[in-house]
Trainee: 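One structure is given below, represented as C-alpha cells, and several questions about it will come after.
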Amino acid sequence: EVELKYGADRLGKRQDPAMQKFRENRLGAFIHWGLYAIPGGEWNNKTYHGAAEWLKAWAKVPTMDWLELMKQWNPQQFDAKKWAKMAKEMGVKYVKITTKHHEGFCLWPSKYTEYTVANTPYKKDILGELVKAYNAVGIDVHFYFSVLDWSHPDWRSSIKTQEDSIAFQRFLTFTDNQLKELATRYPTVKDFWFDGTWDASIKQNGWWTAHVERMLKEMLPGVTINSRLRADDYGKRHFDSNGHLMGDYESAYERRLPDPVKDLHVTKWDWEACMTIPENQWGYHKDWSLSYVKNPTEVLARIVHAVSMGGNMVVNFGPQPDGDFRPEEKKIADFIGKWMKKNSECIYGCDYAGWEKQDWGYYTRKSNQVYMVVFNPPYSGQLTVKTPKGITITTAKTLTGEQTQVTETTRNEYNVSLPKNMPQEPFVIKLEVKDAQ
Ligand SMILES: C#C[C@@H]1N[C@@H](C)[C@@H](O)[C@H]1O
C-alpha cells in the first residue's frame with residue numbers, strides 16, 4: 001500500500017448507532033429545489049432537453065442574468081408541513097435537500113453570500129422550515145451541498161496560475177464557512193452529501209476534502225459523509241489509492257445500479273444510490289414528455305434492487321417554482337407509500353441475503369428471515385429458490401398471510417409456489433430459514 005495522509009480514515013463499515021440508522025433507513029427522498037425551478041428547462045423561448053438544474057450551463061446564461069431569477073423566487077404554495085406529510089406517507093426515513101446547487105443560490109439565509117432566500121421576495125429560511133417539519137414527523141434530514149459554485153468569483157475548475165491558487169484558497173475558506181454555518185444553524189442534520197467535486201481544482205486539494213470530513217464530524221458527532229466529497233493525496237476519488245472507500249458510504253450510483261450478479265463486491269461496504277423519475281431531471285422541468293418517465297413499479301423495483309444488494313435508494317423530487325409538487329411525482333409517492341405500508345418489513349433494516357439472484361425478483365434479508373420480493377411471477381407457478389450450502393427453508397408465507405407450498409426439488413433447491421390469490425402488484429414471500437451451522 002502507498003503512504004497516504006488524506007486517504008480513507010477507516011477500513012470496513014462504520015458500526016456506530018448513527019451509521020446503523022443510516023443503513024436501516026434504506027429509503028430516502030431527494031429534493032432538488034432552486035432558481036432553476038423557475039425557468040423549468042426553458043430559456044429565451046428555447047426548451048433544453050438536458051437536466052433542468054443545469055439550464056444555466058446549457059443556455060450559457062451569464063451568472064448575473066441567472067441570479068436575476070432571485071427576484072421571482074416567491075413559492076406561495078410552499079408548505080413545509082405538507083412536504084413532510086407527503087414524505088412520511090411515502091415511507092421515506094430521510095430526505096436529502098439541496099442546500100445549494102451548482103448555481104450558488106442558498107435555501108438558507110447564509111451570511112457569506114447575497115445569493116440566498118433572504119434576498120428574494122419570499123425572504124424566509126426555507127431550509128430551516130423543512131428541517132423542522134421533517135424532523136417533527138421523525139424523518140432525518142440530510143444536506144446536499146454542491147462545492148462547485150457558479151455564482152462565486154473565486155471558484156476555479158482548475159488551478160493554472162498563482163492568481164487561481166490564491167482565489168481558490170479564498171473559495172475553500174468561503175466553503176468552510178458555509179458548511180460550519182449549516183452545521184451550527186441546523187445541528188439535527190444527519191448527513192452531508194457532497195456534489196460538484198469532480199474538477200481538477202478539488203482533486204488536487206484532497207487535503208481539503210479530508211479536512212471537511214473531519215471538521216463536520218467534530219462539529220456533529222455521528223454525522224455521515226458521502227464518498228463523493230473525497231479525494232486523496234493523488235486526486236483519487238471515492239476509493240483512495242489503496243482501494244479503500246473514503247467517507248462513510250459509496251455515492252457513485254447516480255441514475256444507475258450495480259449489477260445483481262456481476263457487482264456483488266458492493267455488498268462489502270455501505271452505499272447509497274439516487275435516481276430520477278424521468279431519464280435525467282433532478283430540478284423541475286416543465287416538459288417531462290422529452291424523455292422516458294419511469295412508472296411507479298419501475299421506481300419500486302430500483303428501491304428493492306438497491307436494498308437487495310445492501311444499499312440505500314434515494315428517489316428524487318423536483319418541486320415546482322410555486323412550492324407544490326407535480327402530479328406525476330405525487331402519484332409515485334402515493335404508490336410507493338401504499339406499497340410500503342404493506343411490505344416495508346422487506347425494506348427497513350434489511351440487507352443483502354447472499355442468495356443466488358433469480359429472474360422472478362430480489363431477495364432481502366433481516367437476521368434469519370429472507371424475503372422474496374416478486375416482480376416477475378413465472379408461468380410455471382413455481383418460484384425457484386437456491387439456498388446457500390447448509391441453509392434450509394422451514395416456512396414460507398406472503399406478508400399478507402397467504403401460505404405458499406415449499407417443495408425441495410434437489411439439494412439446496414426449492415420450488416416456492418405462487419400464492420393462490422395472485423396480488424396485482426409486486427408481492428413479498430417471507431421465508432424462515434435454518435442454518436445448519
Ligand atoms: C451532475 C450532476 C448532479 N448530480 C445529481 C445528484 C444532480 O444534483 C445533478 O445536477
Side-chain angles (χ1 to χ4, degrees), residues 17-18 20-33 37 75 77-99 107-108 124-144 186-191 193 222-224 272-277 282 284 294 296-297 299-304 306-307 311-320 322-350 364 366 373 399-400 425-426 428:
Q20 282 168 9
K21 176 74 168 55
F22 174 98
R23 186 180 301 127
E24 287 167 11
N25 283 345
R26 287 302 184 217
L27 176 61
F30 232 136
I31 295 283
H32 271 76
W33 205 30
Q77 302 309 314
F78 174 63
D79 178 335
K81 289 194 177 75
K82 271 195 191 157
W83 287 29
K85 183 168 180 287
M86 180 173 150
K88 192 72 180 174
E89 288 174 357
M90 179 178 168
V92 300
K93 292 286 190 184
Y94 63 100
V95 175
K96 300 183 107 93
I97 309 166
T98 49
T99 59
L107 289 187
W108 83 99
K124 288 178 287 183
D125 174 6
I126 283 181
L127 188 63
E129 289 184 44
L130 285 171
V131 170
K132 190 158 159 266
Y134 285 129
N135 285 173
V137 297
I139 289 177
D140 289 343
V141 170
H142 294 192
F143 285 167
Y144 165 108
Y186 314 105
T188 62
V189 65
K190 293 287 181 276
D191 173 89
W193 199 91
V223 76
T224 48
E272 179 194 70
C274 51
M275 64 172 289
T276 50
I277 297 171
W282 299 87
Y284 174 77
K294 299 169 194 69
T297 304
V299 173
L300 176 64
R302 284 162 176 76
I303 296 168
V304 178
V307 179
N312 287 20
M313 175 55 86
V314 184
V315 179
N316 183 72
F317 293 83
Q320 300 169 161
D322 67 358
D324 198 358
F325 291 86
R326 64 195 317 141
E328 303 95 321
E329 290 181 341
K330 288 178 179 172
K331 195 163 149 268
I332 293 262
D334 183 54
F335 176 93
I336 300 293
K338 285 191 168 76
W339 192 88
M340 287 292 282
K341 269 191 185 50
K342 290 179 276 186
N343 301 290
S344 64
E345 182 181 339
C346 77
I347 299 293
Y348 301 141
C350 288
T364 64
K366 195 182 305 167
V373 192
L399 282 189
T400 46
E425 62 175 14
V428 182

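Both backbone and side-chain heavy atoms feed into the values below; hydrogens, waters and symmetry mates do not.
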Trainee: For the residue pair Lys93 and Tyr348, would you count it as a cation-pi contact if the rule is NZ or CZ under 6.0 angstrom from the ring centre and within 45 degrees of the ring axis?
Mentor: yes

Trainee: Could you give the distance from OH (Tyr94) to CH2 (Trp193), rounded to the nearest 0.5 Å?
Mentor: 10.5 Å

Trainee: Looking at Thr99 and Phe143, would you say the former's side chain and the latter's main chain have a donor-acceptor pair under 3.5 Å?
Mentor: no

Trainee: Using a 4.5 Å cut-off on heavy atoms from C-beta on, say whether the side chain of Val428 contacts that of Glu345.
Mentor: no

Trainee: With a 4.5 Å cut-off on side-chain heavy atoms, are Met340 and Ile347 touching?
Mentor: yes

Trainee: How close do Gly222 and Ala18 get, heavy atom to heavy atom, and via which atoms?
Mentor: O-CB, 3.2 Å

Trainee: What is the distance from atom CG of Asp140 to atom NZ of Lys96, rounded to the nearest 0.5 Å?
Mentor: 10.0 Å

Trainee: Return the minimal non-hydrogen interatomic distance between Ile126 and Pro75, and the atom names on each side.
Mentor: CD1-CG, 4.2 Å

Trainee: With a 4.5 Å limit on heavy-atom distance, are the side chains of Leu27 and Val92 in contact?
Mentor: yes

Trainee: Measure the CD1-CG distance between Ile31 and Asn316 for me, rounded to the nearest 0.5 Å.
Mentor: 7.5 Å

Trainee: Looking at Met86 and Ala333, what are the two nearest heavy atoms and their distance?
Mentor: CE-CB, 3.9 Å

Trainee: Closer than 4.0 angstrom, basic N to acidic O: yes or no for Asp324 and Lys82?
Mentor: no

Trainee: Indicate yes or no: at least one non-hydrogen side-chain atom of Thr188 is less than 4.5 angstrom from one of Tyr134.
Mentor: no

Trainee: Should Ile139 and Lys88 count as side-chain neighbours, where that means a heavy-atom distance under 4.5 Å?
Mentor: yes

Trainee: Provide the closest heavy-atom pair for Cys350 versus Lys366 in the form atom of the first, atom of the second, distance.
Mentor: SG-CE, 3.4 Å

Trainee: Please find the pair of heavy atoms, one from Ala133 and one from Ala84, that lie closest to each other, and give the distance.
Mentor: O-CB, 3.5 Å

Trainee: So which atom in Arg302 and which in Lys294 form the shortest heavy-atom distance, rounded to 0.1 Å?
Mentor: NE-CE, 3.6 Å

Trainee: Might you confirm whether atom NZ of Lys132 has over 12 heavy atoms from other residues, nucleotides or ligands at distances under 6.0 Å?
Mentor: no

Trainee: Quick check against the 3.5 Å criterion: does Glu329 have a side-chain atom that pairs as donor or acceptor with the backbone of Gly318?
Mentor: yes

Trainee: Would you compute the distance between atom CZ of Arg26 and atom CD1 of Ile303 and round it to the nearest 0.5 angstrom?
Mentor: 13.0 Å

Trainee: Quick one: CG on Asp191 to NE2 on His142, what's the gap to the nearest 0.5 Å?
Mentor: 4.5 Å

Trainee: Go through Phe30 and Thr276 one step at a time and tell me if the side chain to side chain contact (heavy atoms under 4.5 Å, CB included) criterion holds.
Mentor: CA-CA 9 Å; Phe30 232 136; Thr276 50; over 6 Å; no

Trainee: Are Phe317 and Trp33 an aromatic pair, judged by ring center distance below 6.0 Å?
Mentor: no

Trainee: Dump the intermediate steps for salt bridge (charged side-chain N to carboxylate O under 4.0 Å, His left out) on Asp334 and Lys330, then the final yes or no.
Mentor: CA-CA 6 Å; Asp334 183 54; Lys330 288 178 179 172; over 6 Å; no

Trainee: Please confirm whether the ring centroid of Trp83 lies under 6.0 Å from the ring centroid of Phe78.
Mentor: yes

Trainee: Answer whether the closest heavy-atom distance between the side chains of Val141 and Tyr186 falls below 4.5 Å.
Mentor: no

Trainee: So, do Pro426 and Asn343 sit near enough that their side-chain heavy atoms are less than 4.5 Å apart?
Mentor: no

Trainee: Does a side-chain heavy-atom distance below 4.5 Å link Val315 with Ile336?
Mentor: no

Trainee: Between Thr224 and Lys190 (side chain of the first, backbone of the second, donor and acceptor by atom type, cut-off under 3.5 Å), is there such a pair?
Mentor: yes

Trainee: With ring centroids as reference points, do Trp282 and Tyr144 lie under 6.0 angstrom apart?
Mentor: no

